[in-house]
Amino acid sequence: MIAKRLEGISEYYFSQKLREIESLNKEGKNIINLGIGSPDLPPHPEVIKTLQEEAAKPGVHGYQGYKGIPALRQAFADWYQQWYHVILNPDTEILPLLGSKEGIMHICMTYLNDGDEALIPNPGYPTYGSAVKLAGGTAVSYDLTEEKNWHPDLEALAAQDLSKVKLMFVNYPHMPTGQQAETGFFEKLINFAKAHHILLVHDNPYSFILNDHPVSLLKLPGAKEVVLELNSLSKSHNMAGWRIGILCGAKERIEEILRFKSNMDSGMFMPLQLAAAKALGLGADWYNYINSIYAERRTKVYQILDMLKCHYSLNQVGMFVWAKIPDHYEDGYALSDEVLYGSNVFLTPGGIFGSQGNRYIRISLCGDISRFEQAITRINNK
């Protein structure tokens, strides 16, 4: 018998769908998968070179410290200062992670007891809710709508009973909608958290993709009192499989989470850390390069969405395009299945991110330009 903590925790949607796509491919369908946001481009050559050179050294293969090597923490601190204009103490306010996804779990396990509640966005990253439940807490959704530019209604939330809420997950640039935080919103969010004694968890992995102005929630005055920020090299540096993330926050919060993390892993491979430090030192040319590729791909995605009569904002950022489906479809799943079975192209139904995504689909920008052109041909022919 499985543990009770897994009751109500379903297999990740993409895990299930990949098996279905694999079955269709065995039938000769050759599905074009435009769903999953796993960067297909490689890291910078110098980053790969650093990993290779460091891994060839004899003294780097032992266990490492739980807090990461000083060179990596300093590189993260320099990165935050250069791009986000945030000052962090590399010794006390930075905790490298084996990917930011594990940080979500660490935070939930550190702060949630049975009966505690955490606010999670709808639509939003499904892992927020799963991690809350696995930690024994209760996930309470707050709705995001297109009418409110995918921002929470803080006044409506304040009118609810928040006495059991300990955490609130926020994510801007937002996945899946690509919405950026509007001017003044972060200040309102911090005031809300302070008023209700809630710890904000800002998940910030998309701020460099097709976005000219990366922003950290920690930039605001007093933010460290109520904010933990997660970040990652997965999207910004094409290092998803390397599993390198970061948790930033006040010294006390880092120490609290480290108590849990130190019981979960035995540190990160040193050559990975040194290569990550190299990646963090890349200049604007790197981000301009990858964004020029994503921008070209995005124009093809717009063509696909126009063919499907979907509506979308030109102001969204990140490595996906979020679009509202035509009224005659029951939901995003219906449109997704029609395109999958009719044109052998997979698009993500917005409903997997929560009920507020039911009238939407999401297309990933991860794939060679020829794949998008082929998808356009298939859909057009159908």
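Note that these values count all heavy atoms, side chains included, but never hydrogens, waters or copies made by symmetry.
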Shortest non-hydrogen contact between L217 and A223, atoms and distance: O-CB, 3.4 Å

Verdict with supporting geometry, V201 and I104, side-chain contact (heavy atoms from CB on, under 4.5 Å): CA-CA 8 Å; V201 182; I104 296 169; 5.8 Å; no

Decide yes or no for N89 and K251: does some side-chain heavy atom of the first lie under 4.5 Å from some side-chain heavy atom of the second? no

Could you work out, with side-chain contact (heavy atoms from CB on, under 4.5 Å) as the rule, every residue matching E46, not counting sequence neighbours? H44, K49, K278

For P43, does its backbone N or O pair with a side-chain atom of N238 as donor and acceptor, under 3.5 Å? no

So, for K67 and D91, which heavy atoms are closest and what is the spacing to 0.1 Å? NZ-O, 2.6 Å

Pairs in or reaching into residues 282-291: which pass side chain to side chain donor-acceptor pair (under 3.5 Å), with residues at least two apart or in two chains? W79-Y287, H237-Y287

Give me each pair satisfying side chain to side chain donor-acceptor pair (under 3.5 Å) with a member in residues 256-266, each pair once, sequence neighbours excluded. E102-K261, Y111-E256, R253-E256, K261-D265

Roughly how far apart are L335 CG and I325 CD1, rounded to 0.5 Å? 6.0 Å

D153 and D143: side-chain contact (heavy atoms from CB on, under 4.5 Å), yes or no, with the steps? CA-CA 8 Å; D153 187 335; D143 288 347; over 6 Å; no

Take L167 and L112, measure what side-chain contact (heavy atoms from CB on, under 4.5 Å) needs, and give me the verdict at the end. CA-CA 8 Å; L167 303 176; L112 296 178; 3.9 Å; yes

Tell me which one of V321, V345, T348 satisfies side chain to side chain contact (heavy atoms under 4.5 Å, CB included) with L34. V345

I'd like to know if the side chain of Y80 pairs up with that of E229 as donor and acceptor (distance under 3.5 Å, no hydrogens or angles considered). yes

Would you say the side-chain atoms of D368 pair up with the backbone N or O of S370, donor to acceptor, closer than 3.5 Å? yes

Quick one, Y206 and N211 - any side-chain contact, counting heavy atoms below 4.5 Å? no

Would a hydrophobic clustering, with Ile, Leu, Val, Met, Phe, Trp and Tyr connected at side-chain separations under 4.5 Å, put I369 with I376? no

Could you report the tightest heavy-atom contact between P121 and L144, atom names first, then the distance? CB-CD1, 3.8 Å

Neighbour count >12 (heavy atoms, 6.0 Å) for atom NE2, H328: yes

Rounded distance (nearest 0.5 Å) linking atom CD of Q356 with atom CZ of R359: 12.5 Å

Presence of salt bridge, R297 and D40, under 4.0 angstrom: yes

What ring-ring contact (aromatic ring centres under 6.0 Å, His included) pairs are there with at least one residue in residues 360-382, not counting sequence neighbours? W150-Y360, W322-Y360

ring-ring contact (aromatic ring centres under 6.0 Å, His included): pairs with one or both residues in residues 255-284, sequence neighbours excluded: H61-F269, H106-F260

Any ion pair linking E296 and K300 (charged N to carboxylate O, less than 4.0 Å)? no

For a 4.5 angstrom cut-off between non-hydrogen side-chain atoms, does Y84 reach S207? yes

To the nearest 0.5 Å, what is the distance between SG (C366) and CG (L41)? 8.0 Å

Is there side-chain contact between L308 and L347, with at least one heavy-atom pair below 4.5 Å? yes

Can you hop from L314 to F320 via hydrophobic side chains spaced under 4.5 Å? yes

Mind listing the closest non-hydrogen atom pair of R243 and S234 along with its distance? NH1-OG, 3.5 Å

Applying side chain to side chain donor-acceptor pair (under 3.5 Å) as the test, list every pair that has at least one member in residues 166-175; sequence neighbours left out. H174-T177

Would you give the length of the straight line joining atom CD of Q180 to atom NE2 of H213, rounded to the nearest 0.5 angstrom? 8.0 Å

Quick test of your reading of the model: are E93 and K224 salt-bridged, counting only N-O distances below 4.0 Å? yes

Go through the structure and list residues passing ring-ring contact (aromatic ring centres under 6.0 Å, His included) with F192, not counting sequence neighbours. H196

May I ask whether V226 and I87 are part of the same hydrophobic cluster, defined by side-chain heavy atoms of I, L, V, M, F, W, Y residues being less than 4.5 angstrom apart, directly or through others? no

Inter- and intrachain pairs under ring-ring contact (aromatic ring centres under 6.0 Å, His included), touching residues 127-149, at least two apart: Y125-Y128, Y128-F169

Side chain to side chain donor-acceptor pair (under 3.5 Å): pairs with one or both residues in residues 156-165, sequence neighbours excluded: D161-S163

Around E330, counting heavy atoms of other residues, nucleotides and ligands shown, do more than 12 lie under 6.0 Å from its CD? no

Where do I31 and N25 come nearest, in terms of heavy atoms and distance? N-OD1, 2.7 Å

Does E53 have any side chain to side chain donor-acceptor pair (under 3.5 Å) partners at least two apart in sequence or in another chain, and if so, which? none

Can any side-chain N or O of Q273 pair as donor or acceptor with the backbone N or O of I69 at less than 3.5 Å? yes

Counting only heavy atoms not in E155, do more than 12 sit closer than 6.0 Å to its CD atom? no

Could you tell me whether the side chains of N191 and E187 share a donor-acceptor contact shorter than 3.5 Å? no

Mind checking whether I304 and V339 have side chains closer than 4.5 Å, heavy atoms only? no

Do L218 and L88 have side chains that approach each other closer than 4.5 Å (heavy atoms only, starting at C-beta)? yes

Distance, nearest 0.5 Å, that separates CD1 of I246 from CD1 of I94: 4.5 Å

Mind checking whether L189 and V227 have side chains closer than 4.5 Å, heavy atoms only? no

Which residues satisfy the side chain to side chain donor-acceptor pair (under 3.5 Å) test with K57, sequence neighbours excluded? E54

Apply side-chain contact (heavy atoms from CB on, under 4.5 Å) to R5 and list each qualifying residue two or more places apart in sequence or on a separate chain. A3, L134

Does the side-chain contact (heavy atoms from CB on, under 4.5 Å) test come out yes or no for V47 and L51, once each step is laid out? CA-CA 6 Å; V47 175; L51 176 63; over 6 Å; no

Any chance you could measure I379, atom CD1, to N344, atom CG, to the nearest 0.5 Å? 10.5 Å

Min side-chain heavy-atom separation N122-S355 under 4.5 Å: yes

Shared hydrophobic cluster, V170 / V317 (ILVMFWY, side-chain heavy atoms < 4.5 Å): no

On a heavy-atom basis, which atom in G103 and which in L97 lie closest, and how many Å separate them? CA-CD1, 3.7 Å

Relative to the ring of H202, is the ring of F186 parallel (under 30°), tilted (30 to 60°) or perpendicular (over 60°)? perpendicular

